[in-house]
Every structure is written in structure tokens, then in C-alpha cells.
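What follows is a single structure, written as C-alpha cells, with notes after it.
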Amino acid sequence: QVQIVESGGGSVQPGGSLRLSCTVSSDPSRPYCMGWFRQAPGEEREGIAFVRSDGRTNYAESVKGRFTISQDSGKNKLYLQMNSMKPEDAAMYYCVARQRGSMAFRCPIQSDDYDYWGQGTQVTVSS
């Protein structure tokens, strides 16, 4: 079982930074993959950043170089540092986890591949 609680959303100006956090409680072991999706009104859900249990990361092209995913295993925390934010980054952001998978592959990026979802946290980017 995995429980996810998110925090850290809010409003930021274009070019600014914001950090999202989520606490991932997993039993009996750490999830295979954790990550972040986002969904803007009228848009499809987009997988943007993922980290495998061994630390390997993968990012969507839309955020590569601007966003960084990290984890603090000791605190069961997952973070998303968002820099150089753009108006198009405004969305509801969801922390996700998948318990099982193969180390031969990077984390999946489709929403159907994730079993556990947080409640979502809103991010607004405007001047």
C-alpha cells in the first residue's frame, strides 16, 4: 500500500521558482517509480518528471533543464523543484507512485502506469 500527501503549490510569477513536495508512505518497500504529472484545464494529463528507486530520472521535454525531481528516502519525501517557470506550467500537479517494475527500463510516463496518486496541488503562473 502507498499513501501520498502533497504540499507546496501556489502562485508564482513567470521566471520564478516553486518547490512541490509529497510524502510517500509505502509498505512494505519503497516504490519502483515515483513522479509528477500535471493537468491544465482542457488539456490531457502530462507526465513530467520521474525517479526510479535507484535514483535514475527521466523528464518530459517540456520541463527538461528547468525542473528537477529528487527524493529523500530517509524522510519518504519526493520533491519537484521548478525554476524558470512559464505561464504554460500552470496546472494541477499530482504526485504518483508505482510499486513494481523492472530496473531494465526507465520509469513509465503514462498515467495508466501509476497505481497511486496524491490529491493534487494547484500551481498558478501569472504576473
Side-chain angles (χ1 to χ4, degrees):
Q1 286 292 332
V2 176
Q3 293 183 326
I4 299 175
V5 179
E6 300 159 355
S7 61
S11 183
V12 64
Q13 293 185 340
S17 298
L18 200 63
R19 190 175 81 157
L20 305 182
S21 302
C22 71
T23 300
V24 182
S25 302
S26 177
D27 182 31
S29 59
R30 196 194 321 176
Y32 160 66
C33 282
M34 298 184 289
W36 297 90
F37 281 79
R38 68 184 181 185
Q39 188 169 23
E43 301 288 334
E44 291 191 358
R45 195 167 287 180
E46 179 188 18
I48 57 171
F50 302 91
V51 59
R52 206 168 62 184
S53 56
D54 64 350
R56 182 178 178 179
T57 58
N58 49 298
Y59 295 92
E61 287 299 321
S62 59
V63 304
K64 196 174 292 184
R66 299 188 299 121
F67 290 11
T68 302
I69 189 171
S70 61
Q71 57 184 342
D72 183 337
S73 301
K75 297 181 180 179
N76 296 325
K77 290 277 194 182
L78 184 71
Y79 303 101
L80 185 68
Q81 178 66 43
M82 304 185 291
N83 298 329
S84 302
M85 294 189 71
K86 305 175 182 180
E88 53 263 42
D89 293 322
M92 185 72 79
Y93 283 70
Y94 299 90
C95 180
V96 299
R98 174 187 169 99
Q99 279 198 297
R100 293 181 177 84
S102 170
M103 290 300 184
F105 304 105
R106 67 178 189 176
C107 289
I109 62 173
Q110 301 298 322
S111 57
D112 289 347
D113 291 318
Y114 288 86
D115 308 308
Y116 300 97
W117 291 71
Q119 77 281 5
T121 186
Q122 185 68 45
V123 172
T124 304
V125 184
S126 67
S127 52

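Taking the side chain as every heavy atom from C-beta outward, Glu6 and Leu20 never approach each other to under 4.5 Å. No side-chain heavy atom of Asn83 sits under 4.5 Å from any side-chain heavy atom of Met85. Using a 4.5 Å cut-off on side-chain heavy atoms (C-beta onward), Ile4 and Trp117 make no contact. Contact annotation: the side chain of Cys95 approaches that of Leu78 to within less than 4.5 Å [non-hydrogen atoms, C-beta and beyond]. By the 4.5 Å heavy-atom criterion applied to side chains, Gln99 and Ser26 are counted as neighbours. Annotation: side chain of Gln71 is not in contact with side chain of Lys77 (no heavy-atom distance under 4.5 Å). Using a 4.5 Å heavy-atom cutoff, the side chains of Lys86 and Val125 are not in contact. Between Val24 and Cys22, the closest side-chain pair of non-hydrogen atoms falls below 4.5 Å.
Residue Leu18 comes nearest to Gly8 through the heavy atom pair CG-O, 3.8 Å, listed as atom of the first residue, atom of the second, then distance. Of all the heavy atoms in Met92 and Gly120, the pair that sits closest is SD-C, 3.7 Å. Closest approach of Pro31 and Val2 over heavy atoms only: CG-CG2, 4.5 Å.
A donor-acceptor pair under 3.5 Å links the side-chain atoms of Thr121 to the main chain of Gly9, judged by distance alone. A donor-acceptor distance shorter than 3.5 angstrom exists from the side chain of Arg30 to the backbone of Ser53, with no hydrogens or angles considered. Checked by atom type and distance alone, the side chain of Tyr114 never pairs as donor or acceptor with a backbone atom of Gly35 at under 3.5 Å. In this structure, Arg38 contributes its side chain and Ala91 its backbone to no donor-acceptor pair below 3.5 Å.
In the hydrophobic cluster analysis, where Ile, Leu, Val, Met, Phe, Trp and Tyr join through side-chain heavy atoms closer than 4.5 angstrom, Tyr93 is grouped apart from Val96. Cluster annotation: Leu80 is connected to Val123 through the hydrophobic network of ILVMFWY side chains, with a link wherever side-chain heavy atoms come within less than 4.5 Å. Residues Ile109 and Tyr94 share a single hydrophobic cluster, defined by chaining ILVMFWY side chains whose heavy atoms lie under 4.5 Å apart. Connection of Met34 to Val63 is established within a shared hydrophobic cluster, with ILVMFWY side chains joined at heavy-atom distances below 4.5 Å, either directly or through further cluster members.
More than 12 heavy atoms of other residues, nucleotides or ligands sit less than 6.0 Å from atom CD of Gln122.
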- Query: Given Tyr79 and Thr68, is the side chain to side chain contact (heavy atoms under 4.5 Å, CB included) satisfied, shown in steps?
  - Reply: CA-CA 8 Å; Tyr79 303 101; Thr68 302; over 6 Å; no

Item to complete: For side chain to side chain contact (heavy atoms under 4.5 Å, CB included), just list the numbers for Tyr116 and Gln3, CA-CA rounded to whole Å, side-chain angles, deciding distance to a tenth of an Å, and then say yes or no.
Response: CA-CA 7 Å; Tyr116 300 97; Gln3 293 183 326; over 6 Å; no

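Here OG1 of Thr57 is found 10.5 Å from CZ of Arg106. Values are rounded to the nearest 0.5 Å. For the atom pair CD (Glu46) and OG (Ser111), the distance works out to 11.5 Å, reported to the nearest 0.5 Å. The NZ atom of Lys64 sits 10.0 Å away from the OG atom of Ser62 when rounded to the nearest 0.5 Å.
Between Arg52 and Asp54 there is a salt bridge, since a side-chain N of the basic residue sits under 4.0 Å from a carboxylate O of the acidic one. Using a 4.0 Å cut-off between a side-chain N of Lys or Arg and a carboxylate O of Asp or Glu, Asp89 and Arg66 qualify as a salt bridge.
For residues 24-75, every residue pair satisfying the disulfide bond (SG atoms under 2.5 Å apart) rule, not counting sequence neighbours, is listed here: Cys33-Cys107.
In this structure, Phe50 has its ring center under 6.0 Å from that of Phe37. A ring-centre distance under 6.0 Å is not found for Trp36 and Phe67.
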